[in-house]
Amino acid sequence: MISQRSQSGRSSSKKRHQEDVAIRQDCYTKWTSLLRSLTRTVDMGSRTGKGGGKRQIELSVYLQQVLDKIPEFDTVVAKNFDRVKDVTSKILHWAWHGNRRFNAYFQDTYLLSESETYHVTDVDVFDCRVFLKGFEMPDSFLTISGLQHDLPPGYALFKLNERYTRGEKIAVRSAWHDCMDSDDYFTPSAVYRWFATGIQEALEYLSEQKDDVIADVMMVETYPTITLQILNSKQRDNDDVEDAREIITVHLVPAIKGAGWPHGVVLQQPLPKMKPYCELGMQCLQEIHDDICDGQSMWFLEARPVKLCKTLESSKCYANVSRDPDRSERLWKFSFAPVEEHFMRTISQFRNGACAADQVIKTIQLIISKSDESIEQWKTLDLNVLRTLIFWQFKKNAPKIKNPSDCFLFLLGQVAQAVQNMSCPHFLLPTLNIMESIDSESAGVVLKGIYNIIDDMEKDTSSLLVYAGLKERQKKEQLDEEK
């Protein structure tokens with residue numbers, strides 16, 4: 001009986017695997033067919049060429065209709081962002097003024113720019129970096145990273161400079177002892193103890209004061225970050241705002257500003273190394289270099305949950321980190337958000353902005369938000385993943401991308417390929433897979449959704465309006481006019 005059940009289980013598992021493989025092959029075939037049919041020039045002599053040109057024009061028209069609706073999407077994000085700023089600025093203000101350690105170690109958020117502090121990962125998900133104060137001696141702590149130190153890609157240790165004299169080490173320990181462990185590592189676990197306490201005390205104080213701003217805010221301890229869940233009642237009660245989510249999620253992330261450029265990270269431009277594209281790319285790298293020389297931080301260390309790469313399971317690095325809790329609690333995660341902003345500006349200037357890269361990303365986000373499948377399974381395709389994919393897209397295919405339609409089709413193909421392989425290499429750390437956390441079940445659901453989009457668009461380009469939620473809206477507007 002047990003043997004029959006195990007054979008049945010293996011059979012069903014094999015069948016699901018075969019179905020997944022078939023879907024992956026069909027998805028790639030359909031996308032290739034769609035790409036070929038829509039990127040043919042209008043003046044080609046063959047019948048297919050003329051049809052392709054006509055369909056390309058149709059897709060451009062439909063995509064422009066979607067792009068015209070992007071400002072509405074931006075409005076929702078902006079309103080959510082305003083709510084996030086109101087909540088976080090008040091909580092962090094009282095934590096900074098009411099908690100001695102918070103005041104001693106963290107920078108006042110009012111002195112920081114919004115671009116440094118906040119990061120949008122989805123229409124209703126935001127990161128809020130809470131930066132530690134700068135060190136009196138810039139090289140007080142040194143960043144240790146790389147597989148040669150048995151550290152997973154994308155992570156680093158932050159340790160007291162061993163070259164310091166005994167007196168210098170005593171001075172640093174005296175100033176930062178609450179953030180360090182007994183081995184002189186500056187650790188997220190040490191920071192978290194009083195970071196969470198400061199946020200909790202601020203929330204309790206504001207609740208006692210019956211402050212309306214934080215009336216619908218709940219704190220969740222998600223070590224090594226703090227998660228705030230904000231009831232979005234203002235938007236929920238507003239019938240004029242579409243796609244408003246009831247809950248806004250904010251991750252409060254302890255962070256350290258990096259100086260210079262980290263060892264072992266190769267800074268590459270997001271455009272091909274060929275004329276005329278390399279000129280714009282080199283200009284981007286020069287701007288980044290100038291900002292570094294001016295003392296601006298182009299990278300951060302953030303306290304994030306440690307997610308080990310499955311491809312390293314057999315390595316010494318994986319064993320050392322996974323079997324040693326103390327070691328994993330010392331790890332900080334690299335963030336290159338300022339550099340990525342430079343990359344997006346460069347790509348937006350490509351062909352004088354004719355490719356509308358930023359708006360195409362928002363189009364994909366809009367399609368995801370309209371998905372009939374579980375929105376949680378699509379969460380893997382957040383803004384970080386979509387931006388990284390578009391960096392790789394322009395790096396490899398810039399000469400072929402001439403308009404928003406080309407940009408959209410190539411990005412859709414990149415998304416399908418990334419989900420299919422469950423892999424998206426970080427643009428600056430290619431050994432780091434930023435989609436490592438996706439499981440095969442979620443990948444299968446998302447891949448089927450992408451396959452349906454590609455399949456329907458291959459049959460009828462106007463289906464783009466359906467997936468972006470415009471056709472239903474148009475019908476509703478027509479009915480309202482008739483009434």
query = Is the distance between the ring centroids of F106 and F195 under 6.0 Å?
reply = yes
message = I'd like to know whether CD of Q268 has more than 12 heavy-atom contacts from other residues, nucleotides or ligands below 6.0 angstrom.
response = yes
K85 charged N/C atom sitting above F81 aromatic ring, 6.0 Å / 45° = yes
query = Is a donor on one side and an acceptor on the other found under 3.5 Å between the side chain of Q393 and the backbone of L411?
reply = yes
note = Correct closest heavy-atom pair for P404 and V360 would be O-CG2, 3.9 Å
query = For the residue pair F141 and F135, does the interplanar ring angle fall in the parallel (under 30°), tilted (30 to 60°) or perpendicular (over 60°) class?
reply = tilted
note = Note: K159 and D183 closest approach over all heavy atoms is CE-O, 3.6 Å
task = Indicate yes or no: at least one non-hydrogen side-chain atom of L206 is less than 4.5 angstrom from one of I91.
result = yes
message = Determine whether a donor-acceptor pair (N or O, by modelled atom type, separation under 3.5 Å) exists between the side chain of E168 and the backbone of T165.
response = yes
key: R387/E341 under salt bridge (Lys or Arg N to Asp or Glu O under 4.0 Å): CA gap, chis, key distance, verdict   = CA-CA 10 Å; R387 276 191 166 191; E341 289 298 327; 2.9 Å; yes
Atom pair CG (L389) and CG (N384), whose distance is rounded to the nearest 0.5 Å = 11.0 Å
ask   = Is the number of heavy atoms from other residues, nucleotides or ligands within 6.0 Å of CD (E136) greater than 12?
value = no
query = So does M282 have more than 12 non-hydrogen atoms from other groups sitting under 6.0 Å from CE?
reply = no
Intermediate values then yes/no, side-chain hydrogen bond (donor to acceptor under 3.5 Å, both in side chains), D139 and Y164 = CA-CA 9 Å; D139 57 349; Y164 270 15; 2.7 Å; yes
Of R173, K169, R330, the residue whose pairing with D184 passes salt bridge (Lys or Arg N to Asp or Glu O under 4.0 Å) = R173
ask   = If you count the non-hydrogen atoms of other residues, nucleotides and ligands that lie under 6.0 Å from CG in D290, is the total more than 12?
value = yes
ask   = Are any non-hydrogen side-chain atoms of R327 and D150 less than 4.5 angstrom apart?
value = yes
ask   = For D124, does its backbone N or O pair with a side-chain atom of D122 as donor and acceptor, under 3.5 Å?
value = no
task = Work out which heavy atom in L271 is nearest to a heavy atom in K395; give both atom names and the distance.
result = O-NZ, 3.4 Å
request  = Return yes if some donor-acceptor pair links the side-chain N/O of S335 with the main-chain N/O of E302 below 3.5 Å, else return no.
outcome  = no
query = Can you list the steps and then say if Y118 with T88 is a side-chain hydrogen bond (donor to acceptor under 3.5 Å, both in side chains)?
reply = CA-CA 10 Å; Y118 296 100; T88 55; 2.6 Å; yes
key: Check: A171 main-chain N/O paired with S174 side-chain donor or acceptor under 3.5 Å   = no
key: Residues D178 and R101 bridged, charged N to O under 4.0 Å   = yes
ask   = Is the number of heavy atoms from other residues, nucleotides or ligands under 6.0 Å of H289 NE2 greater than 12?
value = no
note = In F343, W261, F391, the residue satisfying ring pair (Phe, Tyr, Trp, His ring centres under 6.0 Å) with F336 is W261
ask   = According to the interplanar angle, ranging from 0 to 90°, do the rings of F186 and F158 count as parallel (below 30°), tilted (30 to 60°) or perpendicular (above 60°)?
value = perpendicular
Distance flag, aromatic centroids of W392 and F427, threshold under 6.0 Å = yes
key: Polar contact flag, side-chain donor to acceptor under 3.5 angstrom, H251-T227   = yes
query = Is the closest basic N to carboxylate O distance between D86 and K90 below 4.0 Å?
reply = no
request  = Check the pair N433 / H426 against side-chain hydrogen bond (donor to acceptor under 3.5 Å, both in side chains), numbers first and verdict last.
outcome  = CA-CA 6 Å; N433 178 13; H426 191 284; over 6 Å; no
message = For a quick test of reading the model, state the closest non-hydrogen atom pair linking S328 to P325 and the distance between them.
response = OG-O, 2.9 Å
inquiry  = Quick check: closest heavy atoms across L151 and I144, and the distance to 0.1 Å?
reply    = CD1-O, 3.1 Å
inquiry  = Contact between L412 and I454 at the side-chain level, heavy atoms closer than 4.5 Å - yes or no?
reply    = yes
message = When you compare the side chains of Y110 and S89, does any donor N or O come within less than 3.5 Å of an acceptor on the partner?
response = no
inquiry  = Tell me if the NE2 atom of H149 is crowded by more than 12 foreign heavy atoms within 6.0 Å.
reply    = yes
task = Determine, using ring centers only, whether W194 and Y105 are less than 6.0 Å apart.
result = yes
request  = Taking atom types as modelled, find out whether Q200 and E204 have a side-chain donor-acceptor pair closer than 3.5 angstrom.
outcome  = yes
task = May I ask you to check whether D108 and H93 show a side-chain donor-acceptor distance below 3.5 Å?
result = no
key: pair I364-F408: side-chain heavy atoms closer than 4.5 Å   = yes
query = So do R166 and I170 actually touch side chain to side chain, heavy atoms under 4.5 Å?
reply = yes
key: SG on C407 to CD on Q414, rounded to 0.5 Å   = 10.5 Å
query = Among L228, I248, T249, which one satisfies side chain to side chain contact (heavy atoms under 4.5 Å, CB included) with F126?
reply = I248
remark   = Note: R83 and L231 closest approach over all heavy atoms is NH2-O, 3.7 Å
message = Classify the ring geometry of W94 against Y205: parallel below 30°, tilted from 30° to 60°, perpendicular beyond 60°.
response = tilted
task = Compute the ring centroids of W332 and F300, then answer whether they are less than 6.0 Å apart.
result = no
request  = May I ask you to check whether Q269 and Y277 show a side-chain donor-acceptor distance below 3.5 Å?
outcome  = no
request  = Decide salt bridge (Lys or Arg N to Asp or Glu O under 4.0 Å) for K362 and D74; before the verdict, give the C-alpha distance in whole Å, the side-chain angles of both, and the deciding distance to 0.1 Å.
outcome  = CA-CA 9 Å; K362 291 174 181 176; D74 290 338; 2.9 Å; yes
query = Can we say R345 and D358 salt-bridge, meaning some charged N sits less than 4.0 Å from an Asp/Glu carboxylate O?
reply = no
message = When you compare the side chain of V415 with that of V446, does any pair of heavy atoms fall below 4.5 Å?
response = no
ask   = Is the centre of the W299 ring less than 6.0 Å from the centre of the F334 ring?
value = yes
